[in-house]
Amino acid sequence: SSNDRYVKSLGKIVDRVNAFESTISALTDAELAGFRACHIEDGAALTDFLAWTAKEARARQRTQAPLTELEAEARLLAFRAERQGFLEASFRSISASAGNAAMCHYAAKSETNAVIDDSAPYLIDSGGQYLNGTTDVTRTLMLGEPTRDMRLAYTAVLKGFLSLLSARFPSGTQGHQLDAFARRALWDIGLDYDHGTGHGVGHNLLIHEHPHRFDRRPNLYALEPGNIVTVEPGYYREGAFGMRIENQVEVVADGPGFCRFASLTLAPVDLAMADLDTLSLAEVGYLDAYHARVRSTLEGLVRPETLPFLIQQTRPIAEHKM
């Protein structure tokens, strides 16, 4: 019937539009080179900040002038401003401690400006616009002894992060088909998070760029080499704490007909809340290799006072257990 022909024609148009949008979202070689370079600069700035935060928060937590979310946010921007090619923040940082970190899109203000100390995780989700690219990264620091619930949740978040980050998948796979990789470890213990697992990133453009997205909802755009997306599972306990780990990644070819993710983000992943004995050999191997790359790339770029922190944070898992 004419109606059937119309539906088929409309379906073909939608498929062509989707294919076109997927194609134009793939970055050129020059853009990809810029992304890789700016992430090295950004990783040095973020690692300087994480080292500074750990030292400042501990030193000042029992004084009349403890470190706060707003001060930390401003300090991170100052660290980034020192890096080559930096233009501005790519979005307002989520600098969040304790219960504030349980709000996924929290923005600190004077009325809510919480102290950063060793009683709860501190979450920092931030990014920069550089002349040659855009960054978006989240790290969660625990400066004291985590509770059992914190450790259980963070370990699951870490496992989900590693699971999606290390996935190998057929060319043309869509984001929603991979989303469960990041959630499985949380689901296994009856937990989940109420946001997408990742999104596309523009080249010095939008930090949430159409069309790619990892989500439980369908996303009908194929992942192909040259696409840039984020991987960012998390967990949030209302009124208590929040945690997220996020890397920006590049889709790269991995043999005929298959792809994988290559991390652009280069910064230590804090393991203070992780139950390292529950990590598989594959998870340990992936994380150790990533941290070795972070250390070798950044050790000549971070401030001298940051180097001990970088070395401590990126040491092999076996040394963490000693």
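Residue numbers count from 1 along this sequence. Heavy-atom basis, side chains included; hydrogens, waters and symmetry copies ignored.
- In the hydrophobic cluster analysis, where Ile, Leu, Val, Met, Phe, Trp and Tyr join through side-chain heavy atoms closer than 4.5 angstrom, L70 is grouped apart from L50.
- Checking D215, D179, T230 one by one against T197, the side-chain hydrogen bond (donor to acceptor under 3.5 Å, both in side chains) holds for a single residue, D179.
- A distance of 10.0 Å separates OG1 of T155 from CG of D277, quoted to the nearest 0.5 Å.
- A salt bridge does not link R75 with E56: every distance from a Lys NZ or Arg NE/NH1/NH2 to an Asp or Glu carboxylate oxygen is 4.0 Å or more.
- In this structure, S163 contributes its side chain and K159 its backbone to no donor-acceptor pair below 3.5 Å.
- A 4.5 Å side-chain heavy-atom check between R92 and E73 finds at least one atom pair inside the cut-off.
- G226 and L32 make their closest contact through O-CD2, 3.9 Å (heavy atoms, listed as atom of the first residue, atom of the second, distance).
- Rounded to the nearest 0.5 Å, atoms CG (L276) and CD1 (I317) are 5.0 Å apart.
- In this structure, the side chains of L223 and Q174 stay at 4.5 Å or more apart for every pair of heavy atoms.
- Taken from NE2 in H208 to OG in S90, the straight-line distance is 9.0 Å, to the nearest 0.5 Å.
- Side-chain polar atoms of R80 and S126 form a donor-acceptor pair below 3.5 angstrom.
- Identified under the ring pair (Phe, Tyr, Trp, His ring centres under 6.0 Å) test for residues 279-322, with sequence neighbours left out: none.
- By the criterion of side-chain heavy atoms lying less than 4.5 angstrom apart, applied directly or through intervening Ile, Leu, Val, Met, Phe, Trp or Tyr residues, F49 is not grouped with I40; the two fall into different hydrophobic clusters.
- Note that CG of L143 is 8.5 Å distant from OG1 of T53, once rounded to the nearest 0.5 Å.
- Of the inter-residue distances, the one linking L123 atom CG with E246 atom CD reads 9.5 Å to the nearest 0.5 angstrom.
- Counting heavy atoms from C-beta on, the side chains of Q248 and S263 never come closer than 4.5 Å.
- A heavy-atom distance below 4.5 Å is not found between the side chains of I228 and V249.
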Give the intermediate values and the outcome of side-chain contact (heavy atoms from CB on, under 4.5 Å) for residues I311 and R295. CA-CA 7 Å; I311 292 172; R295 182 191 296 196; 3.8 Å; yes
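- The list of side-chain hydrogen bond (donor to acceptor under 3.5 Å, both in side chains) pairs with a residue in residues 43-52, not counting sequence neighbours, reads D48-T306.
- Each of L152, L186, L162 was evaluated against V157; a single residue qualifies, L186, per the side chain to side chain contact (heavy atoms under 4.5 Å, CB included) test.
- Looking only at atom types and distance, the side chain of Q313 has a donor-acceptor partner in the side chain of D270 under 3.5 Å away.
- Under 4.0 Å is where a charged nitrogen must lie from a carboxylate oxygen, and between E71 and R60 at least one such pair does.
- With a 4.5 Å cut-off on side-chain heavy atoms, F35 and E250 do not count as touching.
- Across all their heavy atoms, T140 and R244 have their closest contact at OG1-O, 2.8 Å.
- Taking a cutoff of 4.0 Å between a charged side-chain nitrogen and a carboxylate oxygen, D275 and R151 do not qualify as a salt bridge.
- Residues R293 and D288 fail the side-chain proximity criterion, which asks for heavy atoms closer than 4.5 Å.
- Y221 has its ring centre less than 6.0 Å from the ring centre of H210.
- Under the 3.5 Å distance criterion, with hydrogens and angles disregarded, a donor-acceptor pair is assigned to the side chains of Q129 and T134.
- Under the 4.5 Å side-chain heavy-atom criterion for Ile, Leu, Val, Met, Phe, Trp and Tyr, I189 and M273 are members of the same hydrophobic cluster.
- The hydrophobic clustering, which links ILVMFWY residues whose side-chain heavy atoms are closer than 4.5 Å, places L287 and L165 together.
- A donor atom on one side chain and an acceptor atom on the other are not found under 3.5 Å apart for E69 and Y122.
- The environment of E319 atom CD is dense: over 12 non-hydrogen atoms of other residues, nucleotides or ligands sit within 6.0 angstrom.
- Between the side chains of N204 and Y130, no donor-acceptor pair of N or O atoms lies under 3.5 Å.
- Looking at heavy atoms from C-beta onward, L87 lies in side-chain contact with L131 at the 4.5 angstrom threshold.
- The ring pair (Phe, Tyr, Trp, His ring centres under 6.0 Å) contacts involving residues 223-276 comprise F169-F261, H195-Y236, F214-F261, where partners must be two or more places apart or lie in separate chains.
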Starting from the C-alpha separation in whole Å, work towards a yes-or-no answer on side-chain contact (heavy atoms from CB on, under 4.5 Å) for E209 and V201. CA-CA 5 Å; E209 184 169 83; V201 179; 5.7 Å; no
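- Checking D118, V115, L67 one by one against Q61, the side chain to side chain contact (heavy atoms under 4.5 Å, CB included) holds for a single residue, D118.
- Put simply, OG1 on T297 and CZ on R36 are 13.0 Å apart, with the number rounded to the nearest 0.5 Å.
- For the side chain to side chain contact (heavy atoms under 4.5 Å, CB included) criterion with I94, the lone passing option out of T138, N100, I124, D125 is D125.
- The two residues A45 and L76 come nearest to each other via the heavy atoms O-CD1, 4.4 Å.
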Under the side-chain contact (heavy atoms from CB on, under 4.5 Å) rule, what do V229 and H199 come out as? Steps first, then yes or no, please. CA-CA 5 Å; V229 289; H199 54 81; over 6 Å; no
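- Closest of all the heavy-atom pairs between Y193 and A182 is OH-CB, 3.6 Å.
- Looking at heavy atoms from C-beta onward, E305 lies out of side-chain contact with K55 at the 4.5 angstrom threshold.
- Using a cut-off of 4.0 Å between Lys/Arg side-chain N and Asp/Glu carboxylate O, R216 and D192 are scored as salt-bridged.
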As a quick check of understanding, evaluate salt bridge (charged side-chain N to carboxylate O under 4.0 Å, His left out) for E82 and R303, giving each step before the final call. CA-CA 11 Å; E82 297 174 356; R303 294 181 170 206; 2.6 Å; yes
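- When hydrophobic clusters are built by joining Ile, Leu, Val, Met, Phe, Trp and Tyr residues whose side-chain heavy atoms come closer than 4.5 Å, directly or via intermediates, V231 is grouped together with F181.
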Begin from the C-alpha positions of R83 and D42 and carry the test salt bridge (charged side-chain N to carboxylate O under 4.0 Å, His left out) through to its verdict. CA-CA 7 Å; R83 305 313 307 187; D42 199 67; over 6 Å; no
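- For the residue pair D149 and T147, no side-chain donor N or O sits within less than 3.5 Å of a side-chain acceptor on the partner.
- Heavy-atom minimum distance, N219 versus P211: ND2-O, 2.8 Å.
- Nearest heavy-atom pair, A156 versus A185, reported as atom, atom and distance to 0.1 Å: O-CB, 3.5 Å.
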Take D254 and C259 through the side-chain contact (heavy atoms from CB on, under 4.5 Å) test and state the conclusion after the steps. CA-CA 5 Å; D254 191 36; C259 295; 5.6 Å; no
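- Heavy atoms from other residues, nucleotides or ligands lying under 6.0 Å from CG of L205 number more than 12.
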